[in-house]
Amino acid sequence: MEREQATGLTKVKLALRRPVAGRPYFELRCNLAKLGSVRVAFTLDGQVARIWFISTSLQKATFTSEVSRVLREVSK
């Protein structure tokens with residue numbers, strides 16, 4: 001995340017089309033070397049990234065569905 005913030009968050013995309021509780025959620029695909037690739041869903045609070053979800057599902061549609069489900073459960 002630090003490396004991505006230093007380059008201006010060029011690889012970051014919206015994880016969900018609509019904000020949840022007024023906050024946009026972003027996603028970033030990361031390669032964790034021996035652990036493999038993951039997608040991370042997070043929010044930004046100034047310079048702090050708060051990670052809400054990490055998934056090995058690399059397909060965007062599957063990841064978006066997982067994030068939506070998790071955030072619905074958290075916001076109950």
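For this chain, numbers begin at 1 and follow the sequence in order.
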Open item on the list: If you apply the rule side chain to side chain contact (heavy atoms under 4.5 Å, CB included), what do you find for D45 with R50, and how did you get there?
Closed with: CA-CA 7 Å; D45 293 322; R50 297 189 190 277; 2.4 Å; yes
- [ ] Kindly determine whether K60 and E27 satisfy salt bridge (charged side-chain N to carboxylate O under 4.0 Å, His left out), including the steps that lead there.
- [x] CA-CA 10 Å; K60 174 70 172 153; E27 62 124 315; 2.9 Å; yes
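Remark: the backbone N or O of L44 is paired with a side-chain donor or acceptor of R23 at under 3.5 angstrom. Of the possible polar contacts, one joining the S55 side chain to the S57 backbone as a donor-acceptor pair under 3.5 Å is found. Remark: the backbone N or O of A61 is not paired with any side-chain donor or acceptor of S65 at under 3.5 angstrom.
Here the options are V67, I51, L32, the test is side-chain contact (heavy atoms from CB on, under 4.5 Å), and the partner is V40; only I51 passes.
Taken to the nearest 0.5 Å, the CG atom of L58 stands 9.5 Å off from the CZ atom of F63. Note that the CZ atom of F42 and the CH2 atom of W52 stand 13.5 Å from one another [nearest 0.5 Å]. The structure places CD of E66 at 11.5 Å from CG of L71, a figure rounded to the nearest 0.5 Å.
Pairing each heavy atom of P19 with each of P24, the nearest pair is CB-N, 4.1 Å.
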